[in-house]
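One structure below.
So you know, we letter chains A, B, ... as the sequences are listed, proteins then strands, and number each from 1.
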There are 2 protein chains.
Amino acid sequence: MKAAWEWKAEKCRQICKDSMNPEWLLPESELPGEGQLNVVTFPDTCGLLTSEQVKITKLTANELVEQMHTGKLSAVEVTTAFLKRAHVGNQLVNFVTEFMVEEALDRAAELDDYFKATGKLVGPLHGVPISVKEHVGLKNRICHASYVAWTDHIPKEDALLVRLLRNAGGVFIARTNQPQSIMHMECNNIIYGETVNPYNRNLTAGGSSGGEGASIGLHCAALGIGTDIGGSIRYPAAFCGSYGLRITALRNPYKGVFLAGGGNESIRCVIGPLANSIADLKLFQKAVIDQKPWEEETSLIPLPWKELPSFKPEQITVGIMWDDGIVRPFPPMTRALQNAKSKLESAGVKLVNWEPYEHRRGWDILRCLYFPDTANTQKAILEEGGEPVHPLTEWAFAYGKPRSLSLAENWELNVQREEYRADYHRTMNEHGVDFILCPPYTGAASEIGTGQYWHYTAIWNILDQPAVIFPTRLVTDPQVDKVDPSFRPRNPEEKREWKKYVPEKFANAPLALQVVGKHFQDEATLEAAELISKIVLAD
Amino acid sequence: MKAAWEWKAEKCRQICKDSMNPEWLLPESELPGEGQLNVVTFPDTCGLLTSEQVKITKLTANELVEQMHTGKLSAVEVTTAFLKRAHVGNQLVNFVTEFMVEEALDRAAELDDYFKATGKLVGPLHGVPISVKEHVGLKNRICHASYVAWTDHIPKEDALLVRLLRNAGGVFIARTNQPQSIMHMECNNIIYGETVNPYNRNLTAGGSSGGEGASIGLHCAALGIGTDIGGSIRYPAAFCGSYGLRITALRNPYKGVFLAGGGNESIRCVIGPLANSIADLKLFQKAVIDQKPWEEETSLIPLPWKELPSFKPEQITVGIMWDDGIVRPFPPMTRALQNAKSKLESAGVKLVNWEPYEHRRGWDILRCLYFPDTANTQKAILEEGGEPVHPLTEWAFAYGKPRSLSLAENWELNVQREEYRADYHRTMNEHGVDFILCPPYTGAASEIGTGQYWHYTAIWNILDQPAVIFPTRLVTDPQVDKVDPSFRPRNPEEKREWKKYVPEKFANAPLALQVVGKHFQDEATLEAAELISKIVLAD
């Protein structure tokens with residue numbers, strides 16, 4: 001007999017199945033076999049998409065809008081192409097929790113009618129297909145945040161960010177997967193199972209916005225919406241070869257995101273974009289913040305989005321962080337950094353080595369603030385649902401103290417957090433460092449079930465500094481990226497993590513880098529990331 | 001035998017006594033007798049100050065800077081005049097905890113030397129005498145925040161705001177009194193006793209920044225620094241006939257303020273100015289924020305100070321709030337509002353009646369967030385010191401729940417707070433109201449020991465909206481401000497508060513009003529207050 005939670009999970013899976021257009025599904029026999037790990041080009045060649053549709057899905061959001069503006073493409077053509085690609089993409093890596101075929105095509109038709117009638121676009125995101133992480137609430141659709149106990153929860157309105165993006169012309173085509181508790185750097189839950197990496201299906205797509213990583217990495221949507229409290233936008237972007245922004249807290253509208261533990265303000269979860277170019281991240285941000293979300297969500301800071309001139313190489317000083325002082329990056333990541341360093345140097349960017357400023361201290365504060373009540377809030381929801389608890393959920397819940405903090409202990413940690421933030425900022429200023437270039441993780445995507453080391457992303461969450469992921473187009477190469485036999489771990493974490501590095505396991509997995517700016521310098525950080533990524537990606 | 005705490009209190013009183021210049025003290029026999037309640041003009045006529053010095057102390061900060069810029073006044077002259085006035089003022093109303101005679105005169109001499117050598121001012125506050133609330137830390141001076149248990153606490157550096165004001169040319173002349181726990185709307189502690197109101201010494205100077213109210217109300221300093229978590233800048237400003245600003249949180253630098261319960265971020269204490277004109281409040285703010293305090297205190301929002309053009313009457317819509325829906329203002333306050341209404345109407349300001357939006361709901365959230373741990377933090381400090389607990393301390397500590405909140409309960413209240421803020425903002429927008437004009441309190445200053453009703457100020461603390469106090473130059477007039485015999489209290493609070501209104505007790509006590517703006521609209525709120533107060537104060 002099925003447990004009660006299985007019926008609830010089944011209900012959600014059925015909604016997902018029912019949301020698909022059967023005509024856009026490939027028969028099992030035409031799908032790549034389990035042994036085919038890299039499926040990233042499969043949608044281009046599978047025959048479901050016309051060559052024109054394949055081309056459309058390779059365009060960035062900016063390019064799509066431009067071509068709809070000239071009338072070269074219609075919103076219905078664009079939406080159809082991405083919806084089809086999302087169907088086959090989902091068959092490959094299991095990233096969708098619900099398609100929105102009808103709603104998307106209706107909206108696209110409306111946009112086309114408007115354009116035909118007026119010659120104008122509805123807004124800066126006119127006709128751009130968007131996918132959105134499941135726990136971002138949508139009106140009249142179940143929003144369970146991966147908890148089976150919450151599978152009856154149906155928001156009465158769309159999340160504010162969704163409304164603003166739709167106002168700007170965005171077309172929502174699919175909702176995407178996230179892990180149990182939304183606190184893994186991977187993407188597995190009891191309802192939909194695992195979302196895997198399109199470059200290597202033995203690896204994770206990243207998490208917690210793993211569905212978004214797959215969606216954008218496979219070009220199944222032009223923009224994605226993720227959330228990030230420890231790296232949850234950045235792992236998926238990094239692991240799947242796309243771009244992502246962890247913006248400073250209290251800039252993007254968060255209203256309508258469902259996450260257990262709401263009201264815990266010690267460390268804020270932020271919402272933000274994944275995309276296939278920095279220009280698209282900027283397009284997203286400008287479209288959102290130009291609508292003054294602080295008029296509805298009054299906790300937001302009324303800082304207009306600034307359009308900055310591009311940086312010239314000589315205008316910025318970049319600190320390269322080779323190591324966080326706890327767990328050294330694996331050989332391919334160090335190679336990616338070295339490659340970046342030599343290109344940036346040649347281009348005239350001023351570089352210094354960035355000594356990580358007391359990252360252990362930062363992590364020790366942060367880990368206690370994720371679940372100050374020792375995750376009792378989350379555990380109660382899991383218990384109510386009766387679902388099995390995933391080992392990575394247990395891993396995250398165990399970060400803090402083994403007992404609930406008192407209010408006074410929580411306050412003291414808030415004070416320590418502020419001191420750490422101020423000390424880090426001062427240290428960057430003292431060294432004249434404008435931006436930090438660092439790994440987003442020790443290497444490429446982690447093997448499924450093994451992602452335990454959040455430090456390279458999470459440190460910027462406690463610091464509330466903006467961070468941008470960009471792909472280097474380098475991949476792990478087992479022939480090159482061998483472990484130096486003289487390597488000796490400095491501590492138990494390093495020992496644990498380096499054990500996981502078996503070069504062959506990560507063949508072809510993409511390597512990304514992270515550009516970090518100062519608190520609230522979101523616009524400048526995007527400009528720096530644009531300059532740095534252009535230099536790194538140039539031949 | 002004296003209790004241990006008495007020795008500690010005595011030590012601090014001795015520091016205060018030793019800090020005085022004996023030549024600037026009047027003999028007891030020349031001071032007004034206890035029966036003389038109104039002492040506000042005494043410093044002008046007492047003979048300690050020359051007529052030139054009296055004139056100097058009546059100048060605003062802007063006027064002082066202007067006259068030092070033309071060389072008409074020197075900083076030493078200005079500092080001396082205010083220091084002398086502060087000495088006699090302190091003899092009248094007991095507001096100083098420590099004078100800084102030598103330091104102030106040395107700094108003034110430096111400023112004069114700089115001006116003589118360069119013809120330039122050091123900064124926008126060149127030579128402006130400033131008083132500062134005791135719990136704002138100063139390097140190498142005891143900072144006890146009114147707790148005898150903390151009388152050994154000596155900060156190693158000045159509070160950030162103090163450093164910025166000094167950079168701008170400000171001259172710190174005295175530190176001022178505050179109540180036990182810094183959570184009374186009055187000003188009494190076991191160390192220095194009561195600070196009384198210069199207009200009527202049976203009444204409070206207000207609190208918790210009561211020493212600042214007396215200081216600025218008596219023109220003993222040109223600028224004052226207070227803090228406000230429930231009205232603590234605004235009561236003193238309102239009760240003593242001066243101006244005060246409760247700015248939006250996270251704009252003014254708070255680093256170095258000592259308050260029990262640091263790290264409780266659910267309701268933030270803010271620091272800000274008292275002064276004798278709106279222009280001086282603006283001068284203060286611009287001088288501070290132009291120095292980018294967020295570069296050191298990274299929790300602050302990097303919002304530059306905007307210099308706005310003055311409003312014209314027809315440009316703003318003001319909602320007049322006659323009543324908070326819980327305790328109606330006393331007759332003199334209603335008269336002050338009516339007077340303002342008729343003048344504003346004549347001047348062409350668009351007025352509407354503002355229905356208070358669920359103030360009870362706001363207060364019920366707020367009162368639980370002041371001391372979520374049922375004030376155990378504060379009680380432990382009081383117990384450590386062994387000092388007697390003042391009834392108004394007990395009153396404030398009893399605001400919340402009788403037991404400590406759990407973390408989850410605190411989070412839930414944070415969520416409710418955000419919802420209330422957003423609802424209030426939306427309601428203002430729906431009614432097209434830009435600013436709210438309302439009482440700061442039910443009437444003039446409360447009689448000593450009776451101040452229990454914080455709602456008219458504290459509501460803007462939970463809402464985190466900026467609020468400016470201005471004097472109407474009207475005073476309570478027992479002949480006019482009689483209680484309508486038909487008055488019937490609507491609830492126990494109204495009954496309790498109206499019992500306190502015996503018109504004769506409040507004779508000559510000044511009546512102030514409060515102008516409230518929207519979250520982060522600090523600059524606009526000051527401009528609105530400037531326009532409104534000019535109209536209200538015009539003959």
Find out whether A:K379 and A:T374 are in side-chain contact, i.e. whether some heavy atom of one side chain is under 4.5 Å from a heavy atom of the other.
-> yes

Interface residue of largest heavy-atom contact number with chain B, from A:A408, A:S406, A:G262, under 4.5 Å = A:G262

Is a side-chain donor or acceptor of B:K255 paired with a backbone partner of B:P293 at a separation under 3.5 angstrom?
-> no

Would you mind checking which part of B:R421 comes under 4.5 Å of any heavy atom in chain A, side chain (CB onward), backbone (N, CA, C, O), both or neither?
-> both

Is chain A contacted by the side chain of B:E295, its backbone, both, or neither, given a heavy-atom distance below 4.5 Å?
-> both

The interface call for B:L250 against chain A, heavy-atom contacts under 4.5 Å, is neither

Please look at A:N429 and chain B and tell me whether the side chain, the backbone, both or neither of the residue comes under 4.5 angstrom of a heavy atom of that chain.
-> side chain

Hey, are B:E523 and B:R251 close enough for a salt bridge, meaning a charged N less than 4.0 Å from a carboxylate O?
-> yes

Heavy-atom distance under 4.5 Å to chain A: side chain of B:E296, backbone, both or neither?
-> backbone

Most heavy-atom pairs under 4.5 Å with chain B, out of A:E265, A:R426, A:E418, belong to A:E265

Centroid separation B:F371 to B:Y399 less than 6.0 Å = no

Contacting region of B:S299 [heavy-atom separation from chain A under 4.5 Å] | both

For chain A, find which of B:E419, B:Q416, B:H519, B:Q521 contributes the most heavy-atom pairs closer than 4.5 angstrom.
-> B:H519

Are B:D522 and B:K282 close enough for a salt bridge, meaning some N to O gap below 4.0 Å?
-> no

Check: A:Y424/A:H359 side-chain N/O donor and acceptor closer than 3.5 Å = yes

Residue selection (most heavy-atom pairs with chain B, distance under 4.5 Å) from A:P372, A:G261, A:S266 = A:P372

Contact class of A:L405 relative to chain B, heavy atoms under 4.5 angstrom | both

How long is the gap from CH2 on B:W294 to CG on B:L303, to the nearest 0.5 Å?
-> 7.0 Å

With a 4.5 angstrom heavy-atom cut-off, could you sort out which part of B:N376 is near chain A: side chain, backbone, both or neither?
-> neither

Could you state the interatomic distance from CG (B:L245) to CD (B:Q285), rounded to the nearest 0.5 Å?
-> 5.5 Å

